Amino acid sequence: MSSNSDFLTSPHGSYQEAAEALAAAQSRYVANNPLSKKQHELAVESLPGGNTRTLLHTSPFPLCMKHGKGTFVWDEDGHKYTDFVGELSAGLYGHSHPVIRTAILFTFDDIGLSLGSTTTYEARYASLLCQRFKLERVRMANTGTEANLHALAAARHYTGKRKVVVFNGGYHGGCFSFGGGKAAPNTADKGDFVVVQRYGDEEAAAEAERVIEETAKGGNLAAVLVEGLQGAGGCLPGSKGFLLAVQEAAKRASALFILDEVKTSRLAPNGLGQELGLSPDLVTLGKYLGGGFSFGAFGGRKEIMDSVYDPRVKGSLAHSGTFNNNTMTMCAGYAGLKEVFTEEVCVEFNKVGDDLRERLNDVAKGTRLRFTGRGSLIGLHFREDGTLESQERADLRDLFWFEMLERAFWMTRRGSIAMMLDTPKEELDRFVDAVSRFLERYAGIMTL
Ligand code: PMP
């Protein structure tokens, strides 16, 4: 291994060493996971690339999970992992929470699937969501993507305008992705989006104010859509000052301010927006609020929601969706939020996350690894000089991923952790230790 001083005098040595370590880790992965490999070879015969959810593709082949229990998962080859993927935040309750189980069994046995009618269960859950997240009205959908789709439709219908200001690194669903400073090719109504190039800080606020004002001058700005913490964008929190400035700029421009809380609603008892003193016109929700089933919701000011979506109002928009009010989601989501993820539990849970991140950043001091996020959502960053502004080191990120699998932690390869409730403290301690060992083992390439 090259020493630190070798790295300083010979930067390429570091890349070479990382490449060798990565190749070795990948070979061990292939050797350790023959059944996942075999499954992938079968899957490519019917799914493009063996995949139906792009994020889960990892080369040379993805790990194929067989089952999960509590906060652990087991792969096809029989390895057990602590689940830090946490289904990208939707898996808050773990794989087999007893309250969710009871709600599911009760729904199946005593209510039944697909009643094809309104039910008391949807109204009951709507009332809880409104109360918890300070919404005057809410509507259900099936995914966070759909929630944003309908919230944008509402903003366009309400304002009679089309354009939407979003932020670099923002992710609002499978067809609303704004990494790399521009709308992804598969963005719905791509031409309607104007992307602010920065996110989160004072400079970003100034740029956002300018872009919002300029776009509004064109007379066609319907909404500003933003996350309080960019989840898919790397778990990067927006500062309170930034978010308030964006909200005010949207108001000055008579555009609706839409806060995407699909990921962040779990970060504070009434959602991150309430915690930061924001007052969005519309909020979008999803993930864990389906109790483990697919879910989305959008809501906010009644003046907007009623005029756009009340079917009794002439000219209102249709908002259809066979599964919008499906009994399983309405009951499991309700049980989870009412009985398990109470406001008190939310506060305690996120404290555990803050504490974990602090410990991780302590062990990572002076290295290329940095942990970001807020509460129970954590982002991992591998950067050339350890700052978020410096160049990303995908090679180190991949090496870390392979190594953490060997140490029995299931994580996203892009580097994110969405904690589950009830993950044993020993597992969190074990992770801090594993990170520390990784940094020691690869000191030659990880230490600054
Ligand atoms: N908004 C945000 C902030 C998200 O993180 C996601 C999903 N990662 C979505 C919207 C889309 O949710 P879904 O995957 O349920 O469509």
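Numbering of ligands and ligand atoms starts at 1, following listing order. Numbers here simply count residues along the sequence, with the first being 1. Here the structure is a predicted model, which means the values were calculated and not measured.
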Exercise for the section: Examine the side chains of Glu427 and Thr82 and answer whether a donor and an acceptor come within less than 3.5 Å of each other. Expected result: yes
Practice task
Would you please say whether a donor-acceptor pair under 3.5 Å links the side chains of Arg101 and Ser96?
Solution key: no
Practice task
For ligand 1, indicate whether the residue Asp260 contacts it via side chain, backbone, both or neither (heavy-atom separation under 4.0 Å).
Solution key: side chain
Handout entry: Residues His172 and Asp260: side-chain donor-acceptor under 3.5 angstrom
Key = yes
Exercise for the section: Mind checking whether Thr143 contacts ligand 1 via backbone (N, CA, C, O), side chain (CB onward), both or neither, at a 4.0 Å heavy-atom cut-off? Expected result: both
Problem - Residue Glu227 vicinity, atoms of ligand 1 by number, heavy atom under 4.0 Å - result: 3 (C)
Handout entry: Which segment of Tyr171 sits under 4.0 Å of ligand 1 when only heavy atoms are counted
Key = both
Fill in the blank from the handout: Checking heavy atoms under 4.0 Å, the part of Glu146 that sits near ligand 1 is neither
Problem - Distance filter under 4.0 Å to Asn148 heavy atoms, resulting ligand 1 atoms - result: 1 (N), 10 (C)
Problem - Those atoms of ligand 1 less than 4.0 Å from some heavy atom in Lys263 - result: 5 (O)
Fill in the blank from the handout: With heavy atoms and a 4.0 Å threshold, my read on which part of Thr284 contacts ligand 1 is neither
Problem - Check against salt bridge (Lys or Arg N to Asp or Glu O under 4.0 Å), Asp77 and Lys38 - result: CA-CA 10 Å; Asp77 288 281; Lys38 199 166 153 206; over 6 Å; no
Handout entry: Where ligand 1 meets Thr145 - atom numbers and elements under 4.0 angstrom, heavy-atom basis
Key = 11 (C), 12 (O), 13 (P), 16 (O)
Problem - Element-labelled atoms of ligand 1 that are located less than 4.0 Å from some non-hydrogen atom of Gly144 - result: 11 (C), 12 (O), 13 (P), 15 (O), 16 (O)
Exercise for the section: Give the ring-plane orientation class for Phe242 versus Phe167, where under 30° counts as parallel, over 60° as perpendicular and anything between as tilted. Expected result: perpendicular
Practice task
Could you tell me whether the side chain of Ser89 reaches within less than 4.5 Å of the side chain of Leu377, counting heavy atoms only?
Solution key: yes
Handout entry: Protein heavy-atom partner closest to atom 7 (C) of ligand 1 - residue, atom, separation in Å
Key = Lys287 NZ, 2.9 Å
Exercise for the section: Say whether, by atom type as modelled, one donor and one acceptor occur between the side chain of Asp201 and the main chain of Ala204 under 3.5 angstrom. Expected result: yes
Handout entry: Evaluation steps, salt bridge (Lys or Arg N to Asp or Glu O under 4.0 Å), between Asp355 and Lys351
Key = CA-CA 6 Å; Asp355 175 59; Lys351 270 193 207 152; over 6 Å; no
Problem - Min heavy-atom dist Glu261 to ligand 1 below 4.0 Å - result: no
